Number of protein chains: 2
Amino acid sequence: MPGPEFELLSKHILKRVQLADEELNFMLSQFKLTRIKKRQFIVQPGFTAKHRNFVYSGAFRAYVVIDNGEDHTIQFAIEDWWITDYNSYYNSEPATLFVMALEDSVILQLSRENEDMLKQANHKYETFFRISAERAQAFHFRQLITNLTQPAEYRYENFLEKYPLIANRVPQYALASYLGMTTEYLSKLRNKRTAK
Amino acid sequence: MPGPEFELLSKHILKRVQLADEELNFMLSQFKLTRIKKRQFIVQPGFTAKHRNFVYSGAFRAYVVIDNGEDHTIQFAIEDWWITDYNSYYNSEPATLFVMALEDSVILQLSRENEDMLKQANHKYETFFRISAERAQAFHFRQLITNLTQPAEYRYENFLEKYPLIANRVPQYALASYLGMTTEYLSKLRNKRTAK
DNA sequence: TAAAAAAGTTGAACCAGTTTAACTTTTTTG
DNA sequence: CAAAAAAGTTAAACTGGTTCAACTTTTTTA
């Protein structure tokens with residue numbers, strides 16, 4: 001009945017918290033399956049991000065556009081990852097990020113209201129979101145360290161090693177801005193590598 | 001009875017979650033007051049960070065030392081802030097950061113075991129830690145965006161505006177590495193500003 | 001409180017990464 | 001599937017920020 005989309009999400013949840021069947025099913029029932037076309041936006045500046053999005057299939061990119069028109073990738077998400085503008089989602093304020101589909105995708109969306117309801121309904125649901133936030137916090141913390149301490153070339157090597165699946169799937173300009181360098185420079189780094 | 005240290009922490013907690021008197025007191029009773037001398041470490045690489053630390057007074061600096069001996073500030077904490085190596089604390093693995101007192105300080109320490117116990121004991125405690133993690137997540141996310149999108153000079157101006165209390169209280173070399181630049185360059189930026 | 005250590009300053013030489021621009025390859029779309 | 005648009009490549013000129021080195025000021029400690 002639930003379909004493979006909900007099975008992936010179930011696994012994801014049960015890896016983090018133990019739930020009885022009914023508890024799990026109730027939680028799942030709060031998610032809405034949505035199909036997103038390539039290039040479609042699920043978050044846009046000026047509008048409040050109403051959902052937390054679990055990627056079942058496809059890929060997304062979160063980015064900021066600054067005054068001069070440059071865009072900077074802040075996050076990627078592929079299968080089994082979450083994505084949204086968390087500042088907007090948590091604080092119910094207008095987003096500053098774009099979140100765009102890089103491929104045709106299928107996501108499971110949880111609204112802020114449903115999330116709040118779940119958190120209040122059952123201690124275990126709250127635990128799940130607490131663990132998610134802690135992991136995200138630790139993730140961003142490590143990312144900050146890498147950005148601050150490592151030169152461009154190492155950041156690229158490091159990304160290749162940690163996320164080979166993402167590295168070869170997203171457009172190069174998007175990856176370059178994620179790593180804090182220009183497309184041209186990343187192009188050179190890639191060439192240098194394959195030349196070796 | 002509790003003293004001003006615990007009053008600051010009480011306010012901090014009650015701002016995030018509603019607790020009855022006994023609930024609050026039980027939570028507070030899990031914290032241990034510790035006095036830390038300037039230059040003393042509360043977290044060191046190789047040792048697991050056993051506590052989450054709430055700063056009542058004083059100031060701390062978290063930093064990484066990389067191969068060539070350079071150090072990079074990752075976080076500051078003054079009154080009413082938390083500090084630890086979260087990767088180490090959450091995952092019970094050896095720390096990679098140093099956390100050092102920049103001044104004689106007073107902190108309230110909560111151990112991982114006591115935190116886990118609190119989270120299990122009462123839904124509201126869990127809510128408190130969930131909110132803390134969400135806020136920290138959003139904070140690091142914004143920081144990542146600033147680092148990625150703004151040039152050195154703006155990052156300094158921005159920091160001055162947002163954290164004037166910290167900017168003039170921590171050593172310049174520590175601030176420079178936090179902002180991702182050398183001491184020498186920050187010195188020049190500061191001079192340029194006062195010259196205006 | 002003197003002397004040693006740590007922090008901050010200044011300027012010149014340098015370089016990792018950017019910019020600009022012209023070109024090639026890949027992807028999208030009518 | 002042809003033409004247009006988007007993405008990626010290459011090379012030369014350039015620059016924001018670093019490095020190095022010598023010096024001054026502030027802080028620490030015996």
Side-chain angles (χ1 to χ4, degrees), chain A residues 37-40 58-59 61 63 65-73 76 98 100-104 146-160 166-196, chain B residues 37-40 58-59 61 63 65-73 76 98 100-104 146-160 166-196:
Chain A
K37 281 274 169 203
K38 184 168 178 173
R39 265 175 248 279
Q40 194 180 326
R61 167 183 178 237
Y63 61 97
V65 175
I66 55 174
D67 314 334
N68 61 22
E70 271 175 26
D71 69 59
H72 292 262
T73 305
F76 292 111
F98 291 91
M100 195 182 78
L102 292 168
E103 309 171 0
D104 290 355
T146 308
N147 279 218
L148 221 45
T149 60
Q150 307 297 354
E153 184 162 4
Y154 177 90
R155 297 199 302 272
Y156 173 57
E157 306 267 341
N158 185 249
F159 188 89
L160 266 190
I166 298 183
N168 299 304
R169 191 161 155 193
V170 301
Q172 174 159 299
Y173 65 87
L175 177 55
S177 76
Y178 179 80
L179 294 172
M181 62 183 88
T182 59
T183 329
E184 291 89 342
Y185 195 64
L186 179 52
S187 176
K188 275 171 211 168
L189 288 182
R190 282 188 153 160
N191 252 345
K192 200 167 123 189
R193 265 181 72 81
T194 50
K196 274 185 203 165
Chain B
K37 280 275 168 204
K38 183 167 179 175
R39 265 174 246 281
Q40 193 179 329
R61 167 181 178 235
Y63 62 97
V65 175
I66 55 173
D67 314 335
N68 61 21
E70 270 176 27
D71 69 60
H72 292 262
T73 304
F76 291 111
F98 290 91
M100 195 183 77
L102 292 169
E103 308 172 358
D104 290 354
T146 308
N147 278 214
L148 223 44
T149 60
Q150 307 296 354
E153 184 162 5
Y154 178 89
R155 296 200 302 272
Y156 173 57
E157 306 266 340
N158 185 248
F159 188 89
L160 266 189
I166 299 185
N168 299 304
R169 191 161 153 191
V170 301
Q172 175 160 297
Y173 65 86
L175 178 55
S177 76
Y178 180 81
L179 295 172
M181 62 183 87
T182 58
T183 328
E184 291 91 338
Y185 195 64
L186 180 52
S187 176
K188 277 167 208 173
L189 288 181
R190 282 189 153 162
N191 251 346
K192 200 168 124 190
R193 265 182 73 82
T194 51
K196 272 184 200 163

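Below, chain A is the first sequence line, B the second, and so on; all start at residue 1. All of these numbers come straight from a predicted model, not from anything done at the bench.
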* Rounded to the Å, how far apart are B:N168 CG and C:dG8 C1'? -> 15 Å
* Measure from NZ on A:K188 to P on D:dA12 and round the result to the nearest Å. => 10 Å
* **Interatomic distance, A:M100 atom CE to A:Y63 atom OH [nearest 0.5 angstrom]** => 5.0 Å
* C:dG17 P sits how many Å from A:H72 NE2, rounded? -> 16 Å
* To do: Quick one: pull up CG in B:L160 and CG in B:L175 and give me the separation to the nearest 0.5 Å.
  => 8.0 Å
* Asked: Between C:dG17, C:dT28, D:dT18, which one does the side chain of B:M181 approach most closely?
  -> D:dT18
* Asked: Could you state the NZ-P distance from B:K37 to D:dT28, rounded to the nearest angstrom?
  -> 12 Å
* Indicate whether OP1 or OP2 belonging to C:dT9 is found under 4.0 Å from a side-chain N or O atom of B:Q172. => yes
* Lys/Arg-Asp/Glu bridge criterion (N-O < 4.0 Å) met for B:D104, B:K38 -> no
* Asked: Counting side-chain heavy atoms from C-beta on, which of C:dA7, D:dT9, D:dT19 comes nearest to B:R39?
  -> C:dA7
* To do: Look at the side chain of B:K38 and decide which nucleotide, out of D:dT28, D:dC20, D:dA11, has an atom nearest to it.
  => D:dT28
* Asked: Quick one: is A:R190 getting a side-chain N or O under 4.0 Å of the D:dT9 phosphate, OP1 or OP2?
  -> no
* Interatomic distance where CG belongs to A:L186 and P belongs to D:dG8 [whole Å] -> 9 Å
* Side chain of B:P171 (C-beta onward), nearest among D:dT19, D:dA12, C:dG8 -> C:dG8
* To do: Taking the side chain as every heavy atom from C-beta outward, state whether B:F159 and B:T146 have any pair of such atoms under 4.5 Å apart.
  => no
* Nearest to the side chain of B:Y173 - D:dT9, D:dT19, C:dG8? -> C:dG8
* Structure fact -> Taken to the nearest whole Å, CD/A:Q150 to C1'/C:dG17 is 16 Å
* To do: Indicate whether any N or O donor in one side chain lies under 3.5 Å from an N or O acceptor in the other, for B:Y156 and B:R190.
  => yes
* **Atom-pair distance (NZ on B:K192; P on D:dG17), nearest Å** => 9 Å
* Which of these nucleotides, D:dC20, C:dT19, C:dT27, is closest to any side-chain atom of A:T182? -> C:dT19
* **Of the listed nucleotides D:dA11, C:dT28, D:dT18, the one nearest the side chain of B:Y185** => D:dT18
* Asked: C:dG17 C1' sits how many Å from A:L189 CG, rounded?
  -> 9 Å
